[in-house]
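Values below: all heavy atoms of this structure, side chains included; hydrogens, waters and symmetry mates excluded.
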Amino acid sequence: MVKLTIDGRTAEVADHTTILDAARSVGINIPTLCYLRELNEIGSCRVCVVEIEGIEQLVAACNNYVLDGMVVHTNSRKVREARKLNVELLLSTHDSECTSCVRSGNCTLQSLANDLGIYYLDYGNKHLVHTPWDRSQPLIRTNSKCIACHRCIQVCDKVQDSHVWDVTSRATHTVVNVRGGLDFSEVDCTLCGQCITHCPTGALRERDDTERVLDALADPSVTVVAQIAPSVRTSWGEGLGIPKDQASLGKLIRALRMLGVDYVVNTDFSADLTIMEEGSELLEHLDISQHGGHPMFTSCCPGWVRYVKAHYPELVDDLSTSKSPQQMFGAILKTYYADYLGLDPHKIFSVSIMPCVAKKAECAYPNMNDACGDPDVDVVLTVREVERLIRADHLDVANLEDAPFDDPLGTGTGAGAIFGATGGVMEAAFRTAYPLVTGKTPVDDMFQAVRGLDGWKEATFDLDGTNVRVAVVSGLANAGKLCDAILAGTVHYDFVEVMACPGGCVGGGGQPIHDGDELAGSRGQELYGLDKVSQWRNSYENPSIVTCYREFLEEPLSARAEELLHTNHHAWSMPGELRR
């Protein structure tokens with residue numbers, strides 16, 4: 001243990017503790033900007049500088065370690081002046097048009113400037129080199145807002161193994177951009193959005209599709225139907241300042257109706273539908289995997305599908321052919337539900353509210369229009385975009401009365417809800433497969449091994465004498481390690497769940513941004529809590545699913561189910577595929 005003094009307080013911490021962590025241990029907050037624990041500890045922004053007695057120069061608190069007897073001043077005049085100067089220099093090359101920035105009010109740089117009393121710029125303002133960007137892309141970079149903190153590079157390289165971003169040019173012209181000077185359309189970005197949620201400014205954002213939704217809402221000839229993904233219910237109120245215990249799903253449904261949405265339906269329904277189809281696929285696939293073949297991989301995460309197509313093309317045919325819940329819902333909406341409502345499917349505008357940026361690309365793939373020839377899902381909104389729609393309408397959502405989903409597609413199960421957490425798809429699948437094979441109901445503690453935030457989890461389930469080996473990974477770097485091990489023959493599984501975002505969809509790239517805080521764990525626990533109190537906990541118990549198969553689909557993997565609910569992953573290409 002090491003003893004030191006920080007702003008007059010005595011701190012006792014373990015050796016090799018950073019000054020930043022030592023200060024936090026005694027309740028002293030040192031501001032940071034570029035810092036991300038274990039990912040980006042390079043001290044480049046110089047915002048966290050502190051003064052140490054006996055040392056003339058200021059040092060970065062994020063990557064310098066404590067010494068016994070050290071005396072630290074975190075807010076001396078020398079520190080304040082240096083910190084303010086460093087932020088002013090960042091602002092001198094930053095597009096400071098905060099009123100039109102998507103991150104205004106939730107920007108670390110903006111907050112720091114206000115905290116430091118920077119009300120005018122002594123150094124003027126000259127933006128860095130402006131890089132043209134195709135704003136039709138689901139992910140948009142505005143380099144005039146980039147502060148070269150390198151967070152996006154580190155997250156993309158270390159957590160997501162995608163290597164999209166890099167430092168380009170030199171000296172005063174240094175800027176972060178697409179690696180190798182390539183156009184964004186030329187790199188194999190998975191569109192996971194982790195660079196967006198880890199950016200401290202507005203340099204990275206999703207394409208805003210709210211105007212398309214507003215246009216549809218204003219058209220009296222169009223019926224707007226919105227589906228809400230499972231993990232959205234854990235986060236939608238965060239950016240609106242609504243406490244967790246007040247941000248009920250019913251309030252969000254009511255808000256959407258007040259915006260003009262005609263029908264609000266539950267993606268948990270199509271998550272259950274996905275389980276029925278994917279679980280049936282798995283039972284057919286087991287004979288292949290049990291005799292040395294590759295495992296069947298889940299396909300509900302479009303970021304993962306993009307990643308495997310780009311990096312492991314030899315495994316693409318091992319992906320489940322089942323569409324994601326989003327796309328299954330779109331197909332059912334413009335067939336079964338359109339007929340139920342007596343509507344022309346061409347006049348239905350299908351909106352999907354998702355925690356994901358990659359979903360914006362998924363709905364536009366050419367093979368996602370099986371219902372009526374139009375896209376099964378017309379537009380995808382992230383949670384952040386829905387927040388902006390609610391703000392624009394000045395809705396007092398905290399005081400709205402709860403409203404229910406519209407039937408018959410408003411019914412979901414606990415198994416559908418946990419789709420949003422890593423391990424949830426695997427658990428939901430086996431909750432259905434186990435009774436189908438064994439005739440017995442699984443007990444809850446069977447699935448503990450696939451729960452939690454570990455990046456790579458394994459388990460073995462006994463299906464009536466057949467040991468089924470499974471793995472669950474989240475974060476694409478973990479997925480890459482698993483794929484390497486499978487191809488090398490060092491591990492063997494029958495079924496693998498992959499989620500691109502760490503922690504699953506609850507940590508998705510379209511979720512509200514809380515700089516420095518990772519909320520996937522607490523949001524995931526919220527989904528498991530909803531599962532525990534669900535009226536039906538297994539997908540095959542969902543009465544709306546039973547009715548849909550009886551009246552429309554007939555049975556899992558039927559000809560109609562194959563046509564509407566399954567897909568060919570070779571029907572579209574990643575940039576790298578086109579070059580191979």
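Residue Leu252 is tested with Val232, Leu400, Val397 for a side-chain contact (heavy atoms from CB on, under 4.5 Å); the sole match is Val232.
In this model, no donor atom of one side chain and acceptor atom of the other lie less than 3.5 Å apart for Tyr35 and Asn63. For Asn177 and Thr168, the side-chain atoms include no donor-acceptor pair closer than 3.5 Å. A donor-acceptor contact under 3.5 angstrom links the side chains of His198 and Glu518, judged on distance only. Thr197 and Gln511 are not linked by any side-chain donor-acceptor pair at a separation below 3.5 angstrom, with hydrogens and angles left out of the test. Ser324 and Lys359 form a side-chain donor-acceptor contact under 3.5 Å, judged by distance and modelled atom types alone. His163 and Asp157 form a side-chain donor-acceptor contact under 3.5 Å, judged by distance and modelled atom types alone.
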message: Does Asp21 form a salt bridge (charged side-chain N to carboxylate O under 4.0 Å, His left out) with Arg37? I'd like the steps, not just the answer.
response: CA-CA 10 Å; Asp21 284 339; Arg37 185 179 298 278; 2.8 Å; yes
task: Report the C-alpha separation of Met70 and Ile52 in whole Å, then their side-chain angles, then the decisive distance to 0.1 Å, and conclude whether the side chain to side chain contact (heavy atoms under 4.5 Å, CB included) test is met.
output: CA-CA 7 Å; Met70 180 182 279; Ile52 300 172; 3.8 Å; yes
- request: Show your reasoning for whether side chain to side chain contact (heavy atoms under 4.5 Å, CB included) applies to Glu497 and Val473.
  value: CA-CA 6 Å; Glu497 176 203 308; Val473 292; over 6 Å; no
- request: Carefully, step by step, assess Arg77 and Glu81 under the rule salt bridge (charged side-chain N to carboxylate O under 4.0 Å, His left out).
  value: CA-CA 6 Å; Arg77 180 171 182 172; Glu81 289 177 350; 2.9 Å; yes
message: Before you tell me yes or no, could you show the steps for Asn75 and His73 under side-chain hydrogen bond (donor to acceptor under 3.5 Å, both in side chains), namely the whole-Å CA-CA distance, both residues' side-chain angles and the distance that decides it to 0.1 Å?
response: CA-CA 6 Å; Asn75 202 32; His73 301 283; over 6 Å; no
- request: Step by step, work out the side chain to side chain contact (heavy atoms under 4.5 Å, CB included) result for Val425 and Cys301.
  value: CA-CA 10 Å; Val425 178; Cys301 171; over 6 Å; no
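Here OG of Ser248 is found 8.0 Å from CD1 of Ile253. Values are rounded to the nearest 0.5 Å. For the atom pair Arg179 CZ and Glu186 CD, the distance stands at 10.0 Å (nearest 0.5 Å). Considering CZ of Phe297 and CH2 of Trp304, their distance stands at 5.0 Å, rounded to 0.5 Å. One distance of note links CZ of Arg103 with OG1 of Thr108; it measures 6.0 Å at 0.5 Å rounding. Between the CD1 atom of Ile242 and the CG atom of Asp396 there is a distance of 8.5 Å, given to the nearest 0.5 Å. Ile147 CD1 to Cys34 SG: the interatomic distance, rounded to the nearest 0.5 Å, is 7.5 Å.
Between Glu385 and Lys360 a salt bridge is recorded (basic side-chain N to carboxylate O distance below 4.0 Å). Salt-bridge formation is not detected for the pair Lys309/Asp188: no Lys NZ or Arg NE/NH1/NH2 atom is positioned less than 4.0 Å from an Asp or Glu carboxylate oxygen. With respect to Asp376 and Lys323, a salt bridge is recorded, a charged nitrogen being found less than 4.0 Å from a carboxylate O. We find that Arg388 and Asp208 are joined by a salt bridge, their nearest charged nitrogen and carboxylate oxygen being less than 4.0 Å apart. Using a 4.0 Å cut-off between charged side-chain N and carboxylate O, Glu238 and Lys244 make a salt bridge. Taking the charged nitrogens against the carboxylate oxygens, Glu526 and Arg523 have no contact shorter than 4.0 Å, which rules out a salt bridge. With salt bridges taken as basic N to acidic carboxylate O contacts below 4.0 Å, one links Arg151 and Asp515. At a threshold of 4.0 Å, the pair Asp393-Arg391 does not count as salt-bridged, since none of the basic side-chain nitrogens sits closer than that to a carboxylate oxygen.
Using bins of under 30°, 30° to 60° and over 60° for the plane-to-plane angle, the ring pair Trp572/Tyr365 lands in the parallel bin. Classification of the His16-Tyr65 ring pair by plane angle, with boundaries at 30° and 60°, yields parallel. Using the six-membered ring where Trp is involved, Phe184 and Trp165 have ring planes that are parallel, under 30° apart on the 30 and 60° scheme.
A donor-acceptor pair is defined here as one N or O able to donate and one able to accept, closer than 3.5 Å; no such pair exists between the side chain of Asn40 and the backbone of Leu36. Judged by distance alone, with hydrogens and angles left aside, the side-chain atoms of Arg233 form a donor-acceptor pair with the main-chain N or O of Pro230 at under 3.5 Å. Panel note: side chain Thr422, backbone Ser474; no donor-acceptor pair is recorded below 3.5 Å.
The two atoms that bring Cys363 and Gln326 nearest to each other are CB-NE2, 3.9 Å, heavy atoms only.
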